[in-house]
Amino acid sequence: MFIEAAICLSEMVDPESLKAGALYPPLEQLRNISALVAATTIECAIRDGQSKLTFSSRGEVLAFVHAGMWSPPQFDEPATFYMRADGDQAADYLDEDDTPHLCT
């Protein structure tokens, strides 16, 4: 399973990038690459009898993977960081009147 995931990942590095010394595909493609590696791993687990999941096509496997992927929240304004009294950094957001809203 790990070997098939590694092969899947290695096949996503184009020849020009390999010649330039890249070992991995571009970071900008991380979400799509992660989905393809996960789909390959799922298909391998199904084929080897290590999963009870069933799919009729690779497209169904990819849809299943994408449905379970975490997406970072989108904010209208960038986070402002403050130092808490205990010394830990916390991402806080300013309210409309510029009053800090503390994340605890």
Side-chain angles (χ1 to χ4, degrees):
M1 199 177 315
F2 289 111
I3 291 173
E4 288 195 32
I7 290 169
C8 177
L9 179 63
S10 71
E11 290 174 346
M12 292 183 210
V13 183
D14 61 71
E16 294 82 30
S17 296
L18 283 173
K19 287 179 186 176
L23 297 176
Y24 300 103
L27 190 57
E28 296 80 24
Q29 298 174 8
L30 182 62
R31 289 185 65 77
N32 289 334
I33 290 165
S34 297
L36 290 169
V37 171
T40 298
T41 304
I42 290 169
E43 290 168 337
C44 182
I46 292 169
R47 186 188 63 241
D48 293 349
Q50 297 177 359
S51 174
K52 294 180 182 179
L53 295 173
T54 58
F55 299 98
S56 61
S57 69
R58 181 157 180 92
E60 281 187 13
V61 178
L62 284 169
F64 174 78
V65 169
H66 279 285
M69 289 178 78
W70 176 80
S71 294
Q74 300 296 313
F75 297 102
D76 293 335
E77 296 182 23
T80 303
F81 291 91
Y82 294 94
M83 222 26 126
R84 296 189 325 202
D86 61 8
D88 288 337
Q89 192 176 41
D92 298 333
Y93 301 91
L94 297 178
D95 292 334
E96 292 176 12
D97 63 350
D98 288 336
T99 304
H101 173 77
L102 301 177
C103 297
T104 55

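Everything numeric here is computed off the predicted structure, so don't read it as measured data. Only this structure's heavy atoms are used, side chains among them; waters, hydrogens and symmetry mates stay out.
When the side chain to side chain donor-acceptor pair (under 3.5 Å) test is applied to R58, the partners found at least two apart in sequence or on another chain are T40, E43. Residues satisfying the side-chain contact (heavy atoms from CB on, under 4.5 Å) criterion with A45, sequence neighbours excluded, are M1, Q50, S51. Residues meeting the side-chain contact (heavy atoms from CB on, under 4.5 Å) test with N32, sequence neighbours left out: H66. Qualifying side-chain contact (heavy atoms from CB on, under 4.5 Å) partners for A63, counting only residues two or more places apart in sequence or in other chains: none. With sequence neighbours left out, E60 forms a salt bridge (Lys or Arg N to Asp or Glu O under 4.0 Å) with no residue at all.
Two residues are said to be in side-chain contact when any heavy atoms from C-beta on lie closer than 4.5 Å; E4 and T41 fail this criterion.
Considering every non-hydrogen atom in both L62 and A39, the closest pair reads CD2-CB, 3.7 Å.
L18 forms part of a hydrophobic cluster together with V13, judged by ILVMFWY side-chain heavy-atom separations under 4.5 Å. Listed by chain and number, the hydrophobic cluster partners of L27 are L30, where partners are ILVMFWY side chains within reach of under 4.5 Å, directly or through others. Using a 4.5 Å cut-off between side-chain heavy atoms of Ile, Leu, Val, Met, Phe, Trp and Tyr, V61 falls into a hydrophobic cluster with I42, I46, L53, F55, F64, V65, M69. Hydrophobic cluster membership of I3, counting Ile, Leu, Val, Met, Phe, Trp and Tyr whose side-chain heavy atoms lie under 4.5 Å apart directly or via other members: I7.
Among pairs with a residue in residues 7-23, none fulfils salt bridge (charged side-chain N to carboxylate O under 4.0 Å, His left out), at least two apart in sequence or across chains. Applying the ring pair (Phe, Tyr, Trp, His ring centres under 6.0 Å) rule to pairs touching residues 2-22 yields nothing, sequence neighbours excluded. Contacts classified as salt bridge (charged side-chain N to carboxylate O under 4.0 Å, His left out) and involving residues 22-33 (residues at least two apart or in different chains) are not found.
In this structure, OG in S17 is found 14.0 Å from OH in Y24, a value given to the nearest 0.5 Å.
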